[in-house]
Amino acid sequence: MDPIRNPYAPGAGQRPPELAGRDEQLDAFDIVLERVARGRPERSLLLVGLRGVGKTVLLNALRSAAVRAGWGTGKVEARPDQSLRRPLVGALHQAVRELGQSGGGQDQVLGVLKAFGQAGAASGARGRGRDRWHPGIAAPAAVGRADSGDIEIDLVELLSDLGGYAADTGRGIAVFIDEMQDVGVDDVSALCAAIHEIGQAGLPLIVVGAGLPHLPTVLSAAKSYSERLFRYARIDRLDAAAMEVALVAPAAEEGATWEREALAAMYAVTGGYPYFVQAYGKAVWDRAPRSPITAEDVAVAAPEAEAELAVGFFGSRFERATPAERDYLRAMADVAAGVLTGPADGATGAADESVATADVARALGKRPQSLSPARDALLKKGLIYSTQRGRIAFTVPHFGTYLRDHT
Ligand SMILES: Nc1ncnc2c1ncn2[C@@H]1O[C@H](COP(=O)(O)OP(=O)(O)OP(=O)(O)O)[C@@H](O)[C@H]1O
Ligand SMILES: [Mg+2]
């Protein structure tokens, strides 16, 4: 069918033509916004899930909901080994601007924001960065507030002031942090302390984060009380009904339909993982000669979709691993396929293909300790995560199958 009218959208952070199966999270968030605006206690929200399940697009949808509610919003994408201070200034500046209401109160809070950003330069790059940093904030930097250089003190003061300002406007501020598992330990600690503080003061400011499944572990390692601050929403693959909506609704917009058998075939190949739903959907649409789309169309297009995923979704990640790390990944895939282990571990849940690190070592014929460097590097690169003590899993769905078939 006409590729120009192909509605499907595979790609990191690509807004899907239909955001299927997330009504529960969207509805819950509207309630959170309303409660926080009324000064009711609410925990900050974290979306956790594997690669490609739709955390980023859901985070963006929640941000839109906050904007619709009249809130000020800003977004940060965390990067490993990068301080959160400067990116946060940009995000919070945006939030203050969205709240509007120029005047004395706004200048004051922007001055604190500027001071917060400059304090990072002073401590980090011995003042040299100060000249090169252009926050675009005209207000003069405040003195003696959020500028100590200690991220925890500064962030508590900054978010308290911003929360107070938002309360004065009668609305709220929502800060969105993507890839939150990559936030450094000091910054995570500071964030938790600040969220704790504004929560106790009942100020209308919330943090909404998204990250890989081990994000809760990262947070509780930084602050033991973090579990009480956040509500975790597990973002998972779509069930069959939601996947059907994701495929059928965009096709209907273009006057096309899917046969029932075609949808069943799509669920079989994609497992309901949103990234795969979009990737296969796109390939099938281009290959199908006409509507309705049939199971045969899916069968014909599947190798093409798979080949594209092998390069773009899987291959790009595999290439980031060193030879030793690749051996480790392949051994994980073999163990997950049941080469060495017995039946699936009931405690970890059906969808969790976790394996014991001891089994991986056995598969490689090495001592577990000698494999720690490879394992730690893979954890840091976000390719694997620890599900519980002594067990690990791929962060990328279907990665084991890819490794067994293509490497
Ligand atoms: N609810 C949904 N319905 C249909 N398609 C979706 C849905 N959520 C996400 N997608 C699609 O899935 C793909 C991946 O989405 P997204 O980049 O948000 O995932 P992610 O969880 O942030 O992945 P990563 O961990 O790699 O950042 C995109 O192509 C997006 O359009
Ligand atoms: Mg993402």
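Atoms within a ligand are numbered from 1 in the order they appear, just like the ligands themselves. Any value given below was found using the heavy atoms of this structure, including those in side chains, with hydrogens, waters and symmetry copies removed.
- When hydrogens are left out, the protein atom nearest atom 5 (N) of ligand 1 is Q278 NE2, 2.9 Å; that is the closest non-hydrogen contact.
- Comment: E152 engages K223 in a salt bridge, judged by a side-chain N to carboxylate O separation of less than 4.0 angstrom.
- Looking only at distances, a side-chain donor or acceptor of S220 sits under 3.5 Å from a matching main-chain atom of P216.
- Contacts between A9 and ligand 1, counted as non-hydrogen atom pairs separated by less than 4.0 Å, involve the backbone only.
- Interface of A12 with ligand 1, defined as ligand atoms under 4.0 Å from a residue heavy atom, comprises 17 (O).
- Nearest to atom 28 (C) of ligand 1 by heavy atom, out of P274, P10, G272, G11, is G11.
- Backbone and side-chain nitrogen or oxygen atoms of R15 are examined, and none is located within less than 3.5 angstrom of a nitrogen or oxygen of ligand 1.
- Under 4.0 Å from ligand 1, not a single heavy atom of K282 appears.
- Counting the atoms of ligand 1 from 1 in the order shown, those under 4.0 Å from a heavy atom of E18 are 3 (N), 4 (C).
- The aromatic ring centroids of F276 and F313 lie less than 6.0 Å from each other.
- Annotation: G54 places an N or O atom under 3.5 Å from an N or O atom of ligand 1; distance criterion only.
- Some N or O of A20 is nearer than 3.5 Å to an N or O of ligand 1, by distance alone.
- Residue, atom and distance of the protein heavy atom nearest to atom 17 (O) of ligand 1 are G13 N, 2.6 Å.
- No donor-acceptor pair under 3.5 Å is formed between the side chain of R234 and the backbone N or O of G49.
- Counting atoms of ligand 1 from 1 in the listed order, those under 4.0 Å from a heavy atom of R22 are 1 (N).
- Cation-pi geometry between R85 and F116 is met: the NZ or CZ atom falls under 6.0 Å from the ring centre, inside 45° of the normal.
- Within ligand 1, the atoms closer than 4.0 Å to a non-hydrogen atom of R317 are 26 (O), numbered from 1 in the order shown.
- Close contacts of ligand 1 with L50, meaning ligand atoms under 4.0 Å from a residue heavy atom, involve 21 (O).
- Checking side-chain atoms of K114 against main-chain N and O of I137 turns up a donor-acceptor pair under 3.5 Å.
- Distance alone, capped at 3.5 Å, places no donor-acceptor pair between the T387 side chain and the S354 backbone.
- For atom 30 (C) of ligand 1, the nearest protein heavy atom (residue, atom name, distance) is Q14 O, 3.1 Å.
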Chi angles and distances behind the side-chain contact (heavy atoms from CB on, under 4.5 Å) call for R51, L212:
CA-CA 7 Å; R51 291 281 170 211; L212 292 172; 3.5 Å; yes
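- Contact annotation: the side chain of K75 approaches that of R63 to within less than 4.5 Å [non-hydrogen atoms, C-beta and beyond].
- Residue contacts with ligand 1, taken as heavy atom pairs separated by less than 4.0 Å, involve R51 via backbone and side-chain atoms alike.
- We find the CG-CG distance between L62 and L47 to be 6.0 Å, quoted to the nearest 0.5 Å.
- Residue V53 has at least one N or O atom closer than 3.5 Å to an N or O atom of ligand 1.
- Checked against the 6.0 Å centroid threshold, Y273 and H398 count as a close aromatic pair.
- The single protein non-hydrogen atom nearest to atom 23 (O) of ligand 1 is G52 N, 2.8 Å, given as residue, atom name and distance.
- We find that D161 and R145 are joined by a salt bridge, their nearest charged nitrogen and carboxylate oxygen being less than 4.0 Å apart.
- Numbered from 1 in the order shown, with element, the atoms of ligand 1 that lie under 4.0 Å from a heavy atom of V57 read 8 (N), 9 (C), 18 (O).
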Go through the steps for R287 and E304 under the test salt bridge (charged side-chain N to carboxylate O under 4.0 Å, His left out), then give the verdict.
CA-CA 10 Å; R287 280 305 203 101; E304 205 169 287; 2.9 Å; yes
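- When each atom of ligand 1 is checked for a heavy atom of E179 under 4.0 Å away, the hits are 27 (O).
- Closest protein heavy atom to atom 25 (O) of ligand 1: K55 NZ, 2.7 Å.
- Taking a cut-off of under 4.0 Å to the non-hydrogen atoms of T56, the atoms of ligand 1 that pass are 18 (O), 20 (P), 22 (O), 27 (O).
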